[in-house]
Structure formats: C-alpha cells, structure tokens
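Beneath this line is the structure, given in structure tokens, with notes to follow.
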Amino acid sequence: MITSNIYNKVLGLALAVLTFAACSDTWNDHFENKGKDMKDYTIWEGISQNSNLSNFAKVIQACGFDKSLSSSQVFTVFAPTNEHFSAQDADELIAAYNAEKGKVNEEDNTVIKEFVHNHIAMYNHSIYEASNDTLMMMNGKRVRLSTSSFGNSPILTKNELYSNGVLFTIDGKAEFATNIFEYLRKDADLDSVSSFFYNSHLYHHEFIPGRSIPGGIIDGKTYYLDSVFIQRNDLFDVLWADLNEEDSTYWMVVPTNTEWKKLLDEYQPYFNYDNQVKFRDSMAYTSPRLAIMNGTIFSRTLNTDAHLTDSALSTNAAETYVSRRSSWGNNNLHYYQYGGVSATNTQKPFGPEGIFTGTENIQCTNGQVMKTDNWRINKLNSFYQWIIVEAEDRGSIKEVSKYTDSKTNEEVGTVTPITRRVLNNNHFYGKVWGDAFVEFEEATNEGQIQHAVTFNIEDVLSNIGYDIYLVTAPALANDSNATDAQRLPTQLNCELSYHNQEGEPQKQRLIEKYATNPDEVDYILLAEDFKFPCSSWGLTETEPQVTLTVSTNVARKGKTWTKTLRIDCVMLVPHGIAIVDEERFTIEPHGDGDTYYWLKK
C-alpha cells in the first residue's frame, strides 16, 4: 500500500534454541552436581502456597497465567514479595487488566506485557558464583541477571527448583524498560504520531511459537496455553528502522501534537489523489504522515558522535554515489541527510538551526526519542524532491511515434532510440546528466512525418510548484568530430498530460516551435511554478498519469533543420531552484533568507 518494497522481517528462533541449550547446561552443572533439591510440584503451586507471594499470585491468577505456570513448559519466575508489592498494587493491576480485556489483543494488554511477561522468562535459568548474564523475558525485554540482582531489583531468594522451572523472589516490581516504539504510545504530547504508527492497517502482530507455551495437540494441531507475539509495523520497513528491536540503537526526531498538526495542515494538499486511484482514502491518509516521518530516524551505528559533529545520515538517506543516482536521479542529491554536503540543510545537526537543536531527549532501551515543537527538517531536503527522468533509463520512454510501413503494412516507430555515452575526454563530460543521452534517430525518410517521444513522469506532488525543464544534448557530446549536418538544430513542440480530480486526462501545450541550441546542453524551461491538481506520489503505475510528449515541428529538412532528437532528461524542479549545469545548481531563498548550493564532490 505504501511502497512496493515492504518486506516481512521475521525474528528467528535460534536465540530461543541457544538459550534453552545454555540453560540446560546450567541446570546440570549448577544444580544436579551440587545436590540441590527439586520439588516434585509445579512452580505455580510453589508460588500459590507461599503466603509471602500472595499478592503476586493474585495478579497471575487474575490474568489467567496460572494455567501456563502449571503446564509442562519450563519457566524462570522473578516474583516480588508482599513487603515490596502490596495488595493495593495487585488490585490496581487487576483493575487495569480488566479495563483493557476484550478491547485490545491479549498480548497488547498493558498488565500482561509490562508486568506478567516482564517477570517471567522461558526455560531454566539460575545464578551461581560470578553469574553475570542477560535474560530475554517473555515480552522480549532483555534484563541483566547477576548473583545479587535482577535488573535494578535486589534478589531476596534464588534458585528454588520446581518440576517445571526456577523461582526467585525480588525486592519490588521489576522495572519495565520502554523502547522507542513503545514510548510513542506513552507520551500524551505524541498522540498524533502514536496514532499513525499504531494504525490498524500498519500495525500487526507476528506469532512466535518458540516463545509461546504449547498446551497439547488437538486434531494434529498444536494449541497454546499462552501465545507470544512480537510487534510488527509496515512503517518499520519503509523507514528502514525496527523501532521495537532491543538490540538496535536509534535516535528519532518526533514532532509534538501541535507541530504535527501544523505540518499535516501544510502537507495534506500535496497528496491529493484523483478519484480513480485505488485505495485513494488510504493513500491520502498515509502519504502526508509518511512525508513527515521519513528521514527522522538515525542509526547510531552509522551516526557516531564524531560523524554527528558535521552531518546526520537518516535511515532513509542514500549513502553512496551509486545509490543516490539510483534513488534520486543524480548523485549530487542528498535527501534525508542533514548538514555536511546537503544542499537544503547546510546547518550542522547541532548547529543553531540544526535538526537536533532544542529537542527534549527521552532515553529508551534502544536509543532516544527527540521530541520537538520546532520542526527543522526542510521539505526540500525530504519529500519535496527533484524528479529527474533520464531518457536512457529503463521505463522512462512510454512510446515513440509510429507510421504504417507501405511495404509491410505494419506500424513501426518513426525513430529508433539509441543511447549515447559522454566519455571523460569529451568537453561535455560532467555537463550532461548521468553522462548519457538518447539520440532518436530517424527510422524513415518520408519528409512529411513528424517524430514524437513520450516520457513517463512518476511521483509528482499536487498543489506545489514545479519548474519543468527539457534538457537536450548536442551531437558533439557523443562525437567531438560531429559534422555540420549532425549539428543542425531542430524545432520542438512539448505537451504535458496529467489527470484532473475525476481521473480524466488533461493535455496542455507547453511550447511550440522551440528552436534548440545545437552545440550546447540546452535547458528548455517548459513551465514555471506549474502545479498539478492531483498527486501520483507513492503510486505504482503501469500507466503513469503524468507524461510529457516531445515532438518535432520541422516543415522541411535540409541545411537549416534536422528531425533528429537528442534528449538528455526531463526535470521537474521545485520552484525557485536555479540550475547552472549538471555540476552546480542553486536553491534560491524559500522564506528563510538563505541561499543553498549543491556542489559536485
């Protein structure tokens, strides 16, 4: 729905298998060999018969987890004693559990996730002299276990063995450590962002059988006493960041509700889809919100303290020349990168106007949320991008003009597209975009036929100004010894096609009988500050709604004109950006009083 490359990343079971193997070794080495007694009844019976654990037992039973602790599955339980977990504490948790019961998935119930599963790990775990381990609890949290403490809670009693597990008692309720994804749901200032991330169309759960508790087999299928799920979100794949992974470390810049509303009010008109677009309402909801959140997450693996003094590379950025060329159409474009060589945000991340300046930082288990009510991410450096349609790229050409061959009576192209390369010893090397262009060589000599080529243009925004350029290349860019006949100019017509609100194609003639400059890379301004009524951003289109048709308008060939087209690219440039050449283009002020530059590295 959002993007064609959303992948399901499933957590493997290897960790659970390794944990089980390691714990079995610990069991043998540190209990059987040391003569420890194992009680012949279950860990639930041990908890329920211990009067000092009655408050903990009350919550476990109210949540239905007593059945799991009575099963053959093996657990390690860290139970707070009554002195440190009161009857009132227990009653409050039970009331909270019942308030959410039936309204949310059981695995999303706050009490199950943050209390019950936070005190229980699967398999046998024990402590012994010099123990220093990390356990994965049933909620996926990792907690440090030493000879004297479980996380931040002192251990009171340890290594009590039962037929299906090990029991510890601890000094107080174990702290629930919140990751970035979970924190979004807890901060009232971030309700708007949370609503987007936890939207039912994006947020779902993935069943993990290796961490779930089997209860038996019925009709050949395993049923489970307790099913463990992990949180999954399609946005994680689009944003290239698993925000619920405890083993990763991210910084995430997040707008407060007030700032979110301000951004959404501005951005929503840019994503007005025509009425014929499939899932129009869903796209209109998702796209502006995704436009806000793209480029807001930073992996600390890539962004070390040293790197962040100069620039910050978000997870949506393209790191290399090749990937920037593939993603953005030119390797000089640095979208979703802030500071350094980025054109639209030259401020260093912690500079006076930097994206991290003035944020309120909240530490989480996998990094920090950087809350802000002063949004400093420029749309020109995020979703409001250049659209560069290189003539030589696959899929760029929709069609060429055709004529009926008199000999075969078949329709054939009036021109043949031939990709021409600009070599590094050529005067025009570095001045032609991508150092390649397409020469549309005449396939017929019939003098009255005019030639045309139509280009596909994707991912346009609505109600936002574009300057539309056609860039032509000279014959000399491919052949320094091009003849006078090859170097003749041509005359062009250009027509733009796009959809109106009802999805009906609209056509607009942009130029007519434009004479090209035959010995230069010619930037032909077709339209200035052009606003499309409907967006195609994020759509997968077999027939793009926006196309540009370039055709010849030459009455008579000869010593004056040629009908050969040499097209470098079509460019839709955010209004106000002045292009000098392929190496250098300037962004004029957009309300902040600054002028920015892209310089070829």
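Contact between Gly430 and Asp435 at its shortest, heavy atoms only, is N-OD1, 2.7 Å. Of all heavy-atom pairs between Pro255 and Ile292, the closest is CG-CG2, 4.2 Å. Across all their heavy atoms, Ser192 and Asn257 have their closest contact at N-OD1, 2.9 Å. Nearest heavy-atom pair across Ala312 and Pro349 is N-CG, 3.6 Å. Across Leu380 and Tyr335, no two heavy atoms sit closer than the pair O-CE2, 3.3 Å. Of all non-hydrogen atoms in Ser480 and Asn426, the two that sit nearest each other are OG-ND2, 3.4 Å.
Looking only at distances, a side-chain donor or acceptor of Ser396 sits under 3.5 Å from a matching main-chain atom of Glu390. The backbone N or O of Gly395 sits less than 3.5 Å from a side-chain atom of Asn456, completing a donor-acceptor pair. At distances below 3.5 Å, at least one donor-acceptor pair connects side-chain atoms of Ser535 with backbone N or O atoms of Val460. A distance-only check finds no donor-acceptor pair linking the side chain of Asp467 to the backbone of His575 [under 3.5 Å]. Using a distance-only test at 3.5 Å, with no hydrogens or angles considered, no donor-acceptor pair links the side chain of Ser314 to the main chain of Gln337. Within the 3.5 Å criterion, the main-chain N or O of Asn553 finds a donor-acceptor partner in the side chain of Gln491.
Atom OG of Ser299 is separated from atom CH2 of Trp251 by 11.5 Å, given to the nearest 0.5 angstrom. Rounded to the nearest 0.5 angstrom, Thr562 OG1 and Arg487 CZ are separated by 13.5 Å. Put simply, CG on Asp281 and OH on Tyr285 are 12.5 Å apart, with the number rounded to the nearest 0.5 Å. In this structure, OG1 on Thr286 lies 13.5 Å from CE on Met293, to the nearest 0.5 angstrom. Ile468 CD1 to Glu528 CD: the interatomic distance, rounded to the nearest 0.5 Å, is 11.0 Å. For the atom pair Leu190 CG and Glu259 CD, the distance stands at 12.0 Å (nearest 0.5 Å).
Separation of the Phe356 and Phe298 ring centroids falls under the 6.0 Å cut-off.
Residues Lys278 and Met283 form no side-chain contact, since every pair of their non-hydrogen atoms from C-beta on lies 4.5 Å or further apart. For the pair Lys261 and Leu264, the minimum side-chain heavy-atom distance is 4.5 Å or more. Within the 4.5 Å cutoff, no side-chain heavy atoms of Asp242 are placed close to those of Asp247. The closest side-chain heavy-atom distance from Val412 to Tyr403 is below 4.5 Å. In this structure the side chain of Lys379 reaches within 4.5 angstrom of the side chain of Tyr270, judged on heavy atoms. A heavy-atom distance below 4.5 Å is found between the side chains of Phe197 and Leu239. Side-chain contact check for Leu565 versus Val415: every heavy-atom pair is 4.5 Å or farther apart. Looking only at side-chain heavy atoms (C-beta outward), Ile297 and Trp240 stay at 4.5 Å or farther from each other.
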I would like to know whether Asn179 and Asn366 meet side chain to side chain donor-acceptor pair (under 3.5 Å); could you show each step before the answer? CA-CA 6 Å; Asn179 61 40; Asn366 59 347; 5.1 Å; no
How far apart are the C-alpha atoms of Phe428 and Glu520, what are their side-chain angles, what is the distance that settles it, and do they pass the side-chain contact (heavy atoms from CB on, under 4.5 Å) test? CA-CA 9 Å; Phe428 291 96; Glu520 297 294 337; 4.3 Å; yes
Step by step, would you call Gln506 with Gln545 a side-chain contact (heavy atoms from CB on, under 4.5 Å)? CA-CA 10 Å; Gln506 308 294 301; Gln545 14 179 309; over 6 Å; no
What's the verdict on side-chain contact (heavy atoms from CB on, under 4.5 Å) for Arg566 and Gln486, showing C-alpha distance, side-chain angles and the deciding distance? CA-CA 11 Å; Arg566 296 181 182 90; Gln486 291 172 320; 4.1 Å; yes
Show your reasoning for whether side-chain contact (heavy atoms from CB on, under 4.5 Å) applies to Asp274 and Asn500. CA-CA 7 Å; Asp274 77 53; Asn500 66 11; over 6 Å; no
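The aromatic rings of Phe383 and Phe271 lie tilted to each other, with the angle between the two planes from 30° to 60°. The aromatic rings of Phe181 and Phe236 sit perpendicular, their planes meeting at an angle over 60°, well past the 30° parallel limit. Taking the six-membered ring for Trp and thresholds of 30 and 60 degrees, Trp433 and Tyr523 have ring planes more than 60 degrees apart, a perpendicular arrangement.
Annotation: side-chain contact (heavy atoms from CB on, under 4.5 Å) contacts of Pro417 (sequence neighbours excluded): Ile397, Val400, Val438, Phe440. Under the side-chain contact (heavy atoms from CB on, under 4.5 Å) criterion, Asn272 pairs with Arg280, Ser462, Asn463, Gln501, Cys534, not counting sequence neighbours. Glu512 is linked by a salt bridge (charged side-chain N to carboxylate O under 4.0 Å, His left out) to Arg509, counting only residues two or more places apart in sequence or in another chain. With sequence neighbours excluded, the residues satisfying side-chain contact (heavy atoms from CB on, under 4.5 Å) with Glu458 are Glu541, Pro544. Listed by chain and residue number, Thr549 satisfy the side chain to side chain donor-acceptor pair (under 3.5 Å) test with Thr454 (two or more places apart in sequence, or in another chain). With sequence neighbours excluded, the residues forming a side-chain contact (heavy atoms from CB on, under 4.5 Å) with Thr372 are Val253, Thr359, Asn374, Trp375, listed by chain and number.
Contact check on Glu411 versus Lys402 returns no salt bridge, with no Lys/Arg side-chain nitrogen under 4.0 Å from an Asp/Glu carboxylate oxygen. We find that Glu543 and Lys398 are joined by a salt bridge, their nearest charged nitrogen and carboxylate oxygen being less than 4.0 Å apart.
Of the residues Gln450, His451, Glu442, the one that meets the side chain to side chain donor-acceptor pair (under 3.5 Å) test with Thr414 is His451. The one candidate from Ile524, Asp522, Leu526, Ile567 that meets the side-chain contact (heavy atoms from CB on, under 4.5 Å) condition with Leu492 is Ile524.
Ser287 and Tyr273 are linked by a side-chain donor-acceptor pair at a separation below 3.5 angstrom, with hydrogens and angles left out of the test.
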